[in-house]
Undergrad: 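My questions all concern the structure below.
Worth saying up front: this structure is predicted, and the values here are computed from it rather than measured. The figures here come from the full heavy-atom set of this structure, side chains too, leaving out hydrogens, waters and symmetry mates. The chains referred to below are lettered A, B, ... by the order of the sequence lines, with proteins before strands, and numbering in each begins at 1.
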Amino acid sequence: MSDAIYLDHAATSWPKPPEVREETIRALTDLTANAGRSGHAPAVSSARLVFETREALASLLGIARSESLVFTRGTTEGLNLVLSGFLRAGDRVAITPMEHNSMMRPLETLRRERGITVEVLPSDPFGRIDPEAARRLGRDRKYALVGICHASNVNGIVQDLAGLRDAFADSAILVDAAQSAGVLPIDVDALGVDFLAFSAHKGLLGPTGVGACFLSARHEIDPLVRGGTGSRSDSTEHPDIRPDRYEAGTLNLHGIAGLSGALRGIPSRGLLGEHKRRLVTRLLDRLASIDRVRLHSPRDGTALCASISVDGMPPEAVALRLEREHGILVRPGLQCAPTAHRLLGTVPTGAIRVSPGWGNSDADVDAAAQAIADVVGSVESGDGPATRTDP
Amino acid sequence: MSRETPEPAGPRWLLLFDSIHDVLAAERNLKRDALWHDLVPAPRDLTADCGMAVLFERADLERVRKALANPLVKVRSVHEPTEAGHREVTSEFHRREAP
């Protein structure tokens, strides 16, 4: 792994900052008792770890009431919690065309089981929703919920959250922040969104298996899991207090410890958006001069990852050669987002996603661009055939 | 501020909360305002919870109430330890003294 150039940060981040390792090892080494389950000092210490990590996350995301931020296994669980707990029979839902299957699959299940209807909002060719067009649509149609993938895991486009919040003022807004938490500034309270789900292991640089979901106090939704919480233990009724209502069972304390380390590093490290965008722009600029390469990400400096395909070569073949011949690690295929690929015209094969992140440098994306050029076998000079930009 | 500082000689009251999250939110506020407090296991004669309660000095009542108001931490009940067990003093805790 030491010689490889890892450009798959949209799947998960690597390497992890030293604070993540330190805090995880500390939690594994020291006595980490079960938070909220006993009154002895190690249990209180674990409960403090959970409390302080929750507070730090809430502070990062502009959430005043941290009990509205509940720990989950990751974005997928958070989205399932909201969709399953909020939507009722016959509800109408709107989504962007860039949604991940973590949004699409629970919606499809609810369509069958509860008779909800799901409409895909019109977008530009890259999947971006124009808030003005959405506002006009929102006047005619009332949606119980609007699901918004803040930043696409396919081509890195970013939706205008504030604009869409305003456009659908009467709808609950659910944000999939898998690719944007720790990457872009997010002020939940100021935005006024109702739900926001994310994982620790992507832009926040924490460990896998832990994430969180913001649940606005405006809605009391059903929990996904019921069971022991350490509170109101004399009753078999599941408690209605936050965060306990949504955190039945033992929390992933070691994951939360790692996340606490990741959060500790943010003041010095900063959010990753600017770094990612600079590297992606540099990469796209270089790839634009390679014949047979199609770009599916906008070249306007906003994309957080790059989506490309090569005429005549399946994405997995390109990815395999990039790894075997050049030590470049990328992700080919549909990236669990078939709806997005339908919009981009890249079904059924999908595309190649190059997603730089923390730890990557200009040299890494230059090496990736050169490797792609070598694989394609047609390095073009500046006045060579123009690369097509799709869509 | 809790067990590191000398324990007060005066009477203490006990705060109960709905969750360990609220207990620790109370601890955060009391620490911030430098008020003596101690986290102890919630007495079983008061609650079946597996959780914690917070002791504070009765003489600090006004300041404790103020500390828990910002940011707001919801108190479930307040109790005075007695030889026979605990006497509920929730209404006394919330009653504002005449200016």
Side-chain angles (χ1 to χ4, degrees), chain A residues 33-59 62-71 189 212 215 217 223 227-251 253 256 260, chain B residues 1-5 7 12-56 66-79 81 85-86 88 90:
Chain A
N34 205 335
R37 300 301 198 270
S38 305
H40 51 67
V44 176
S45 176
S46 294
R48 277 203 192 93
L49 167 68
V50 173
F51 178 80
E52 287 167 5
T53 308
R54 195 191 310 274
E55 290 264 294
L57 264 183
S59 173
I63 297 168
R65 302 296 307 184
S66 69
E67 69 271 18
S68 290
L69 192 61
V70 301
F71 285 109
D189 287 350
L215 307 170
T229 58
S231 50
R232 299 191 180 165
S233 298
D234 57 334
S235 173
T236 55
E237 282 294 319
H238 195 64
D240 58 1
I241 50 177
R242 295 175 178 226
D244 298 23
R245 181 170 175 76
Y246 304 102
E247 292 182 346
T250 297
L251 289 171
L253 286 166
I256 290 170
S260 76
Chain B
M1 189 60 205
S2 58
R3 276 171 283 191
E4 294 83 17
T5 55
E7 297 207 1
R12 305 164 194 180
W13 281 7
L14 186 79
L15 297 159
L16 287 188
F17 299 89
D18 280 332
S19 67
I20 188 69
H21 178 88
D22 286 346
V23 170
L24 295 170
E27 180 187 52
R28 172 199 61 202
N29 291 10
L30 295 171
K31 267 185 187 168
R32 177 200 62 201
D33 292 358
L35 292 164
W36 182 89
H37 62 281
D38 194 7
L39 264 60
V40 294
R44 290 294 169 264
D45 63 313
L46 294 179
T47 173
D49 288 0
C50 320
M52 305 294 293
V54 179
L55 279 171
F56 70 95
K66 204 169 177 181
L68 298 182
N70 183 31
L72 180 65
V73 183
K74 190 181 162 201
V75 175
R76 186 205 295 178
S77 58
V78 189
H79 304 266
H86 292 88
E88 181 160 0
T90 309

Undergrad: Can you list everything that forms a ring-ring contact (aromatic ring centres under 6.0 Å, His included) with A/Phe51? Sequence neighbours excluded, please.
TA: B/His21

Undergrad: Tell me, for A/Glu55 versus chain B, whether the close heavy atoms (under 4.5 Å) come from the side chain, the backbone, both or neither.
TA: side chain

Undergrad: Measure distances from A/Arg54 to the heavy atoms of chain B and classify the residue's part below 4.5 Å as side chain, backbone, both or neither.
TA: side chain

Undergrad: Would you say the side chain of B/Trp36 lies within less than 4.5 Å of the side chain of B/Leu55, judging by non-hydrogen atoms?
TA: yes

Undergrad: Any side-chain heavy-atom pair from B/Leu72 and A/Arg65 closer than 4.5 angstrom?
TA: yes

Undergrad: Does some side-chain heavy atom of B/Leu15 sit less than 4.5 Å from a side-chain heavy atom of B/Leu68?
TA: yes

Undergrad: So which of A/Ile241, A/Val44, A/Asp244 has the largest heavy-atom pair count under 4.5 angstrom toward chain B?
TA: A/Ile241

Undergrad: Does any backbone or side-chain atom of A/Ser235 lie under 4.5 Å from a heavy atom of chain B? Answer side chain, backbone, both or neither.
TA: neither

Undergrad: Would you mind telling me which of B/Val23, B/Ile20, B/Asp18 has the largest number of heavy-atom pairs within less than 4.5 Å of chain A?
TA: B/Asp18

Undergrad: Residues two or more places apart in sequence or in another chain: which of them pass side chain to side chain contact (heavy atoms under 4.5 Å, CB included) with A/Asp234?
TA: A/Arg232, B/Ala48

Undergrad: Identify which part of B/Ala53 has an atom lying under 4.5 Å from any heavy atom of chain A, answering side chain, backbone, both or neither.
TA: neither

